[in-house]
2 protein chains.
Amino acid sequence: MTKYEKKIYDIVNASRKHLTADQIYTELKKEYPAVSLATVYNNLSKLCDTGLIRKVTLEDSPDRYDRTEKHDHLICQKCGKLSDICLDDLTHQLKTQLGDNFLSYDLKVFYICPDCRKRSSSKTTV
Amino acid sequence: MTKYEKKIYDIVNASRKHLTADQIYTELKKEYPAVSLATVYNNLSKLCDTGLIRKVTLEDSPDRYDRTEKHDHLICQKCGKLSDICLDDLTHQLKTQLGDNFLSYDLKVFYICPDCRKRSSSKTTV
DNA sequence: CTCGAAATTAGAATAATTCTAAATATATTA
DNA sequence: TAATATATTTAGAATTATTCTAATTTCGAG
């Protein structure tokens with residue numbers, strides 16, 4: 001692991017914020033001002049390939065990078081805010097249906113976050 | 001509903017192939033050779049907004065458009081092929097946890113499709 | 001028919017990501 | 001240590017899906 005790979009891994013794992021490549025780049029530049037965005041992308045895809053982090057693909061937003069520890073995502077349909085949620089594991093059901101060919105799953109749950117709920121009950125949505 | 005909106009809706013619903021905007025454009029041009037890609041995008045987002053079709057966002061692939069009838073997606077991790085799968089509905093569990101704020105969910109299941117499985121068992125993966 | 005709104009068009013603009021080729025750093029081994 | 005090989009990083013160009021813009025066309029209501 002190179003210093004950049006290690007540091008990018010640390011940044012992703014330390015954050016619970018689902019950072020974009022660009023945010024990671026900004027963070028990394030604090031320590032290594034000369035680093036390039038290409039290096040960030042290179043290392044992010046290397047880390048994804050080896051399974052040390054995972055990529056979260058969303059609509060209308062650049063990809064985000066996340067720790068691999070098992071959890072699902074909750075996305076506010078109004079403001080787009082992304083947070084984590086723990087749900088019953090679907091693995092058993094999927095293994096029964098797909099056998100050894102099953103690899104993993106990605107579950108996204110859409111909802112209205114408390115902030116947006118508050119906003120829309122106090123005044124009409126713009 | 002304009003003629004384009006209607007026809008695009010029909011194309012998406014008639015296909016079980018999860019078409020990209022560009023594929024829909026190609027299909028639509030058979031009947032309306034003068035149509036522009038912008039019109040396809042305009043109508044696709046209108047149809048998504050009204051909930052008549054849904055957009056499927058994937059990694060390393062342009063967005064695809066799909067009928068709304070409830071079903072989940074199965075994605076081959078090797079070749080990227082997308083197909084449909086029917087699974088137990090998670091709605092009950094999600095409503096219990098999130099209440100009225102719950103809107104919907106999007107589940108993607110990753111596996112190795114039969115074709116790729118066959119290929120990799122007969123010879124070593126390149 | 002005429003007006004105005006909505007839809008459509010072509011093409012430019014945008015933005016995230018990937019690619020390319022040169023430069024740099026690191027490791028290997030003599 | 002020097003010579004060489006290999007891997008990483010860099011800057012910036014290229015790519016690609018999608019959105020935006022402004023002009024044009026279509027079409028229904030009066």
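Note: hydrogens, waters and symmetry copies are ignored here, and every other heavy atom, side chains too, is used. Each chain gets a letter, A, B and so on, in the order its sequence line appears, and its residues count up from 1.
- Figure legend: A:K29 and A:Y25 shown as a cation-pi pair, the cationic atom lying under 6.0 angstrom from the six-membered ring centre and within 45 degrees of its axis.
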Verdict with reasoning, A:R67 to A:D84, per salt bridge (charged side-chain N to carboxylate O under 4.0 Å, His left out): CA-CA 11 Å; A:R67 73 206 143 101; A:D84 291 344; 2.5 Å; yes
Return a table of donor-acceptor pairs under 3.5 angstrom between the side chains of residues 91-98 of chain B and protein atoms on other chains or two or more places apart.
unit_1, atom_1, unit_2, atom_2, d
B:T91, OG1, B:D89, OD1, 2.4
B:T96, OG1, B:H92, O, 2.9
B:Q97, NE2, A:C86, O, 2.9

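- In this structure, A:Y32 has its ring center closer than 6.0 angstrom to the ring center of A:Y4.
- Distance, A:L47 CG to D:dT8 P: 12 Å, rounded to whole Å.
- Rounded to whole Å, atom C1' of D:dT25 lies 15 Å from atom CG of B:N42.
- At a threshold of 4.0 angstrom between heavy atoms, the contacts of B:T2 are confined to the sugar-phosphate backbone, with no base atom among them.
- Between the CG atom of B:L58 and the P atom of D:dT18 there is a distance of 11 Å, given to the nearest Å.
- What separates CG of B:L44 from P of D:dT18 is a distance of 9 Å, to the nearest Å.
- The main-chain N or O of B:Y65 is never found under 3.5 Å from a side-chain atom of B:R54 such that the two would form a donor-acceptor pair.
- Put simply, chain A comes within 4.0 Å of DNA chain C, heavy atom to any atom, from C:dA16 to C:dC19, going 5' to 3'.
- Within 4.0 Å of A:K46, counting heavy atoms only, lie sugar-phosphate atoms of the nucleic acid but no base atom.
- Spacing between atom NZ of A:K29 and atom P of D:dT10 amounts to 11 Å, rounded to whole angstrom units.
- Taken from OG in A:S104 to CG in A:L90, the straight-line distance is 11.5 Å, to the nearest 0.5 Å.
- Atoms NZ (A:K3) and P (D:dA7) sit 19 Å apart, rounded to a whole Å.
- Residue B:P62 is the one, among B:P62 and B:A38, whose nearest nucleotide of DNA chain D lies closer to the 5' end (criterion: closest heavy atom).
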Apply side chain to side chain donor-acceptor pair (under 3.5 Å) to the pair A:H73 and A:D106, showing each step before the final yes or no. CA-CA 9 Å; A:H73 290 120; A:D106 170 19; 5.1 Å; no
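- Contact between the side-chain N/O atoms of B:Y41 and the OP1/OP2 oxygens of D:dT18 is found at a separation under 4.0 Å.
- Nearest-nucleotide assignment on DNA chain C puts the 5′-proximal partner with B:N43, out of B:N43 and B:D60.
- Taking atom OH on B:Y32 and atom C1' on D:dT25, their separation rounds to 16 Å, with Å as the unit.
- Counting any heavy atom pair closer than 4.0 Å across all strands shown, A:D22 reaches no nucleic acid atom.
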